[in-house]
Structures are given as structure tokens and as C-alpha cells.
Amino acid sequence: MTRRDWAALLTIGFGVSLVIMDATIVNVALPVVIEDLDLTATEAQWMNAVYSLVFAALLITLGRLGDLKGRRRLFLVGMVVFTAASVVAGLSVDAVMLISARFVQGIGAAMILPATLSSLNAIFTGRSRTIAFAVYGSAIGGMAAVGPLLGGWLATDVSWRWAFWLNIPVGLLVIVGVVRALPETRDPRAEPTGDVAAVLLTMLGMGAIVFGLIEAESFGWLRSDDGGLSPIPFIIAGGVLAMVAFVAVERRRVAAGRPVLVDLGLFSIPTFSAGVVAALIVAFGEFGLLFTLPLLLQGALGFTALGTGAVILVLALGTFLVSGALPRISEYLPQRTVVQIGLALEAVAVGGLALTIAVDVPTWLLAVWLFIYGLGVGMATAQLTSLLLTDVPVDESGQASGLQSTVRQLGSALGVAVLGGLLIGSLGRLTRSNLEALPAPADVVERVTAVVSDSAGTAIAGLQADPAMAGIAGAATDAMVTASRLTTGAAAVALLVGLAATFRLPRAAGGPDVAEGGEGAAAPSTGEAVPGD
């Protein structure tokens with residue numbers, strides 16, 4: 001690899017690091033943000049989910065735009081949008097302003113991620129490609145874990161607002177790197193699709209599904225508080241129908257010989273189709289866990305934001321350690337095997353957390369499980385990303401990378417929506433049940449249940465600090481621990497399903513020959529580079 005290659009790789013790595021870190025950095029700071037801006041539990045979910053939702057809804061469309069207009073150009077515009085939105089997020093004075101800023105951040109991120117991945121796939125080949133994807137995977141897995149530490153430190157010693165403003169200096173450095181080091185690449189076969197219906201259907205479908213899952217606790221799954229029918233089943237069903245209609249529209253356009261937004265033929269590639277299923281489920285478990293775990297640690301177990309970040313940093317340590325060894329590991333093991341080992345480690349670690357979470361759980365035990373989890377993330381993330389694109393023609397890499405990134409972000413949004421909803425819903429029911437068993441007066445039961453549930457458990461720390469509320473605080477704490485066990489167990493099951501999905505991959509997919517640039521390795525793009533554009 002030349003110096004220019006390394007500069008391009010570092011630029012891509014830092015760019016994707018910002019995007020991934022921003023999906024997790026606010027998690028540890030979330031209790032502080034909830035208190036400072038007086039957010040409800042639903043608003044807290046939206047602050048996280050809207051970023052992933054917009055991200056997922058636009059990735060396919062913007063990935064295609066990068067193929068047409070230039071991936072470096074899209075990367076540059078996306079970084080400017082992302083950095084500007086970070087300024088506004090840090091200045092937010094209420095939930096509407098913060099959620100709106102996160103919405104715009106999601107637009108910028110949706111420009112950045114497919115541009116970085118398709119550029120990586122087009123620029124590097126053979127052994128260099130293995131190294132490049134190892135660095136890329138390290139950035140994704142590592143920064144997802146480092147984000148909580150930074151968020152905890154900033155929320156504790158500075159201000160949660162710097163969790164967003166930190167993007168500004170790094171974003172400016174990435175912009176310089178894009179201009180000076182990253183070559184322009186395009187897909188010479190790409191053409192404007194005019195497929196407006198497909199764009200609208202994907203946005204409507206994914207938006208409706210995630211909206212329904214997040215708002216289910218507010219509206220009720222079947223019946224609303226006033227006894228009427230809840231709109232949630234109809235909203236979710238509408239989202240599913242929109243996605244079915246999207247597939248029908250794309251197939252009809254293919255049959256008519258017209259260009260499409262998504263080449264559904266990519267799903268006929270075994271490594272791609274099985275890989276995206278695994279990626280969806282893995283992202284569901286990973287990001288759902290990173291949303292719910294800080295709420296438990298700070299809400300019920302007495303950790304500060306900084307302490308929570310320090311515990312989760314162990315996850316990053318595991319990721320970085322194993323990622324450095326991946327190029328060597330890939331010489332001896334097929335990529336499918338590496339991914340499977342990684343997912344197995346993740347499932348074991350999250351299952352261990354579900355079984356051992358308790359009020360008096362030792363910090364070192366939490367750290368052990370998170371370290372094992374980090375090892376799994378480091379092994380699975382980079383290799384799964386590379387494996388997905390192994391058999392995809394390079395001139396379709398922009399579309400394929402955008403599609404797999406869409407799947408990951410959809411999984412992230414669903415993880416926050418489903419697991420976050422499961423945590424908050426279970427917390428409310430268990431708190432009510434525990435308080436009634438004390439027994440506590442009916443008005444106290446209603447008031448405390450509402451406060452604990454609406455704050456996503458962050459109000460428990462305040463109850464614990466009041467000696468007069470010891471019994472009530474204990475009931476709420478026990479409810480939070482039990483709800484967290486249930487939620488973490490669900491994440492472990494999701495990871496096991498993701499592991500099972502990888503067995504649909506060909507046994508030799510992405511083996512050592514791919515690592516060395518042999519048969520099955522993606523070739524470098526030809527006729528795509530446009531230096532100086």
C-alpha cells in the first residue's frame with residue numbers, strides 16, 4: 001500500500017468512525033440529556049432511533065447517487081451536512097430541536113457511509129483489501145464502544161453538548177483528507193433511475209415500521225388508554241405493505257427493462273443474501289444492547305456516566321485487540337468461520353450478562369462479559385462486511401454497500417425500538433407489580449410507575465438517594481434489573497439467530513484465497529477513478 005492509499009484509508013476510517021460513534025456516544029450521556037432537557041422515555045428513544053431510521057431510509061438512494069455523481073463528492077457533502085447538524089445538536093434547548101438535529105445528522109451519515117464503503121471496495125484489492133476491511137471493521141466496532149466512554153466523560157466532567165461538538169474538529173480533518181487524499185470513483189454503468197415510487201415506498205415503509213414499534217408503548221399495541229383501537233397495528237401493517245409494494249415495483253421495472261433503485265438480483269448471490277440477513281439481526285442485538293445497558297448501569301446500579309463509559313470501554317479493548325490480528329487470522333480461516341466465531345462470542349457474552357445482571361453484580365464480571373463481547377464484535381463486523389461484498393461485481397459495489405448498510409441501520413433502529421420498547425414496557429409493568437406487592441398506596445403506585453417508566457429508569461437514582469423512599473426505590477430497582485435481564489436475553493437470542501443465518505453461507509466463502517486476492521476476491525474498479533475531480 002502506498003502513502004496515498006494509507007491516507008485515503010485513514011480518511012475513510014475517521015469518517016466512518018464519526019458516523020458510528022454518533023450512533024452510540026449519546027447513549028451513556030442519555031440520562032443526563034433526559035434530565036437537562038426534560039425528555040420523556042419516548043423522546044429519548046426517538047433521539048436515538050431517528051438517526052438510524054433516516055440513515056436507513058436514505059442509504060440506498062444516496063448510495064446510487066454516489067455511483068452516479070461520484071463517491072468522493074457525496075462523502076464531502078455528507079461530512080459538511082453532518083458537521084453542521086452536530087453544531088445544532090449541541091445547541092439544542094428542547095426535544096424538538098435535538099431530534100430535528102439528529103434527523104439532519106442521519107441525512108449526512110447516509111451520504112457518508114455508502115460512499116466510504118464503496119470507495120474502499122473500489123480502491124483496494126488482494127492483501128491490501130483484507131487490511132483495509134480490517135481497519136474499517138475496527139473503526140465500526142471500536143468506535144461503537146469508544147463512543148460511550150467519550151459520552152460518559154463529557155457528560156460527567158464537561159457537558160453532554162460536547163458529545164456532538166466533538167464531531168466538529170474531527171469532521172474538519174476528514175474534509176481535508178477527502179479533498180487531498182481520496183480519489184474519485186463512480187460506477188460507469190450507473191444511470192439515473194427516475195424510480196421515485198421506490199424511493200418513497202422505502203422511506204414510508206421503514207419509517208412506519210420503526211415509528212409503530214417506538215410509539216407502541218404510548219398508544220398501546222391493540223387498545224389505547226381510552227379503550228379504543230390502537231393505530232399501531234395498522235401503522236406497522238402499512239409499513240410492511242409499503243415494503244412489499246416496493247419489491248413489486250422494482251420487479252415490474254426489471255421486467256420492463258427499466259433501471260431500478262435496487263438490483264434485487266443481488267439477493268441471488270448466496271454470500272450477499274445470507275450476509276444481509278445476519279447483518280440485520282446482529283445490528284438489532286448490538287445497538288439495542290448499547291441503548292439499554294447504560295440506562296441500567298446509571299439508573300439502577302449506581303454508576304456515573306463516566307463510570308459507565310469506562311466499563312463499556314472494555315468492549316472497545318476487546319475489539320481493537322482482535323481486529324489487529326484479523327489479517328493474520330484470515331490467512332488460516334475462511335471468513336465465514338471467523339464471522340461465526342465472532343457471533344458465537346457475542347451471543348455467549350450477552351447471554352452471560354442476562355444471567356448475571358443483579359444489583360450487586362461485580363464490576364469486574366460486567367467487564368469480562370463486555371470484553372468477550374468486544375472480541376466477538378471485532379471478529380464479526382469487519383469480516384461480515386467484507387464477506388457480503390466478496391462476490392459482488394465491483395461496479396455494483398456502491399449499490400451493494402448501500403443496501404447492506406441500509407440493512408444494518410434498519411437493524412439498529414429496530415434494535416432501539418424493539419429492545420428499548422421491551423425495556424420500558426417491562427419496567428413499567430414490573431414497577432407497578434412490585435409497588436402493589438409492598439403494598440403502596442394507589443396514588444403512589446401510579447405516580448412512581450409513571451415517573452420511572454417515562455424517564456426510562458433514570459429517575460430510580462433519585463429515589464435511591466432519599467432514605468424515606470428506600471422501599472419504593474428497592475421495588476423500582478428490582479424492576480429495572482429484571483426488565484434489563486429480559487431485554488438482554490432477547491438481544492442474546494437475536495445474536496443466536498444471526499449466527500444461525502451464517503450457516504446459509506457457502507462453507508468456503510471468503511476463505512484464505514480471497515484474503516490473498518485469489519479467486520473470488522473483488523477486483524479493483526476499472527474506468528472509475530477520476531483523479532482531481
Side-chain angles (χ1 to χ4, degrees), residues 27-45 47-48 152 155-156 214 216-218 220 225 288-305 307-308 311-312 353-363 365-366 416 418-491:
N27 287 343
V28 172
L30 186 58
V32 180
V33 180
I34 290 173
E35 182 178 356
D36 192 27
L37 298 185
D38 196 25
L39 302 184
T40 66
T42 299
E43 289 169 342
Q45 279 184 280
M47 185 183 73
N48 277 273
T156 301
I214 290 179
E217 290 300 324
S218 298
D225 292 338
L289 175 67
L290 287 173
F291 174 78
T292 58
L293 186 59
L295 294 174
L296 166 70
L297 296 178
Q298 293 179 65
L301 301 188
F303 284 76
T304 64
T308 300
V311 170
I312 297 179
L353 279 172
L355 293 173
T356 57
I357 287 173
V359 175
D360 57 352
V361 61
T363 302
L365 184 57
L366 292 175
V416 172
V418 175
L419 295 182
L422 177 61
L423 176 74
I424 294 165
S426 301
L427 176 61
R429 289 188 292 273
L430 290 167
T431 299
R432 180 185 300 276
S433 176
N434 289 351
L435 290 173
E436 290 174 343
L438 280 178
D443 61 325
V444 173
V445 171
E446 292 298 326
R447 187 169 65 253
V448 173
T449 298
V451 169
V452 170
S453 181
D454 288 346
S455 68
T458 59
I460 295 175
L463 296 174
Q464 292 173 337
D466 186 352
M469 302 288 285
I472 290 175
T477 299
D478 181 69
M480 185 66 173
V481 169
T482 304
S484 297
R485 282 182 173 176
L486 177 63
T487 304
T488 308

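If you read the sequence from its start, that first residue is 1, and numbering goes on from there. Being a predicted model, the structure only gives us computed values, none of them experimental.
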(request) Specify the closest pair of heavy atoms between Val481 and Ala358, including all atoms of both residues, with the distance to one decimal. (result) CG1-CA, 4.0 Å
(request) Indicate the atoms forming the closest heavy-atom contact of Ala473 with Ile460, along with that distance. (result) O-CG2, 4.5 Å
(request) State the CG-CD1 distance between Leu301 and Ile357, to the nearest 0.5 angstrom. (result) 8.0 Å
(request) Check Ser426 against Leu486 and note the closest heavy-atom contact, atom names and distance. (result) OG-CD2, 3.3 Å
(message) A side-chain contact here means heavy atoms from C-beta on lying under 4.5 Å apart; do Thr488 and Leu296 qualify?
(response) no
(message) As an exercise, state the distance from OG1 of Thr356 to CZ of Arg485, rounded to the nearest 0.5 Å.
(response) 8.0 Å
(message) Would you compute the distance between atom CZ of Arg429 and atom OG1 of Thr482 and round it to the nearest 0.5 angstrom?
(response) 12.5 Å
(request) Taking all non-hydrogen atoms of both residues into account, name the closest pair between Met47 and Val33 and its distance. (result) SD-CG1, 4.1 Å
(message) Rounded at 0.5 Å granularity, tell me how far OG in Ser484 sits from CG in Leu419.
(response) 11.0 Å
(request) Could you grab the distance from atom CG of Asn434 to atom CD1 of Ile472, nearest 0.5 Å is fine? (result) 12.0 Å
(message) With a 3.5 Å distance limit and no angle check, can you tell me whether Thr487 reaches the backbone of Ala483 through a side-chain donor-acceptor pair?
(response) yes
(message) Using every non-hydrogen atom in the two residues, find where Leu438 and Gly471 come nearest and quote the distance to one decimal.
(response) CD1-O, 4.0 Å
(request) For the residue pair Val444 and Leu435, establish whether any side-chain heavy-atom pair is separated by less than 4.5 Å. (result) no
(request) To the nearest 0.5 Å, tell me how far Leu430 CG sits from Met480 CE. (result) 11.0 Å
(request) Can you see which heavy atom on Leu427 is nearest to which on Ala479, and at what distance? (result) CD1-C, 4.0 Å
